[in-house]
Amino acid sequence: MAFKPLHDRVLVRRVEGDEKTKGGLIIPDSAKEKPAEGEIIATGEGARKDSGELIEMAVKAGDRVLFGKWSGTEVTVDGEELLIMKESDILGILA
């Protein structure tokens with residue numbers, strides 16, 4: 001990928017949700033909520049303290065994460081819709 005986020009930002013690919021409910025009903029695209037789960041594609045180097053010391057990122061490329069419903073900014077990179085968000089918008093890493 002030809003894109004690298006700056007500072008404490010991450011590039012995330014949303015993980016698509018299920019097409020059907022547990023009962024077998026098919027959910028149309030217009031009724032689906034955007035998933036709040038994704039995979040980290042790229043990370044910046046980290047934030048800096050006032051002293052200039054680097055604070056390393058807690059996430060890395062390949063991690064599956066949960067983030068807030070309205071987190072991030074949607075961007076298109078290499079024809080793919082992705083999200084750019086601050087590391088602090090990430091709620092947790094899925095094991």
Side-chain angles (χ1 to χ4, degrees):
M1 172 149 313
F3 183 84
K4 178 153 176 68
L6 297 176
H7 308 295
D8 63 337
R9 289 183 174 78
V10 296
L11 190 63
V12 178
R13 176 185 299 126
R14 285 187 195 267
V15 175
E16 292 302 320
D18 294 334
E19 299 288 322
K20 293 183 181 181
T21 64
K22 291 180 183 179
L25 297 175
I26 296 174
I27 303 170
D29 287 337
S30 60
K32 287 184 192 174
E33 285 191 21
K34 291 187 178 179
E37 181 180 332
E39 179 184 356
I40 303 289
I41 303 302
T43 65
E45 61 184 20
R48 296 218 177 253
K49 294 181 182 179
D50 290 336
S51 63
E53 184 182 344
L54 184 66
I55 303 170
E56 289 191 32
M57 301 286 278
V59 295
K60 61 187 180 313
D63 285 348
R64 288 179 65 98
V65 296
L66 291 176
F67 49 87
K69 190 174 188 176
W70 306 108
S71 298
T73 302
E74 293 182 354
V75 295
T76 302
V77 178
D78 295 337
E80 184 177 10
E81 288 190 24
L82 303 171
L83 289 170
I84 295 178
M85 65 182 70
K86 286 190 163 260
E87 183 185 30
S88 59
D89 291 340
I90 296 173
L91 304 174
I93 301 171
L94 296 170

What is the distance from atom OG1 of Thr43 to atom CG of Leu6, rounded to the nearest 0.5 Å? 11.5 Å
Salt-bridge criterion met for Arg13 and Glu80 (N-O under 4.0 Å): yes
Distance, nearest 0.5 Å, that separates CZ of Arg9 from CE of Met57: 10.0 Å
Considering all heavy atoms, the nearest Phe3-Pro5 contact: CE2-N, 4.0 Å
Has Lys4 got a side-chain atom pairing as donor or acceptor with Gly44's backbone, closer than 3.5 angstrom? no
Using only atom types and a distance under 3.5 Å, with no angle test, would you say the side chain of Glu81 pairs donor to acceptor with the backbone of Glu74? no
Met85 versus Ile90: any side-chain heavy-atom pair under 4.5 Å? yes
Using side-chain heavy atoms (C-beta onward) and a distance below 4.5 Å, is Val59 in contact with Ile93? yes
If you define the side chain from C-beta out and look only at heavy atoms, does anything of Glu39 sit under 4.5 Å from Val12? no
Do Asp8 and Ile55 come within less than 4.5 Å of each other through their side chains, counting heavy atoms only? no
Inter-residue atom distance Leu82.CG - Ile41.CD1, 0.5 Å rounding: 6.5 Å
Is there side-chain contact between Leu66 and Leu94, with heavy atoms separated by less than 4.5 Å? yes
Pairs satisfying side chain to side chain donor-acceptor pair (under 3.5 Å), at least one member in residues 53-68, at least two apart: Glu37-Arg64, Lys60-Asp63
Which atoms form the tightest heavy-atom contact between Leu54 and Gly46, and what is the distance? CD1-O, 3.7 Å
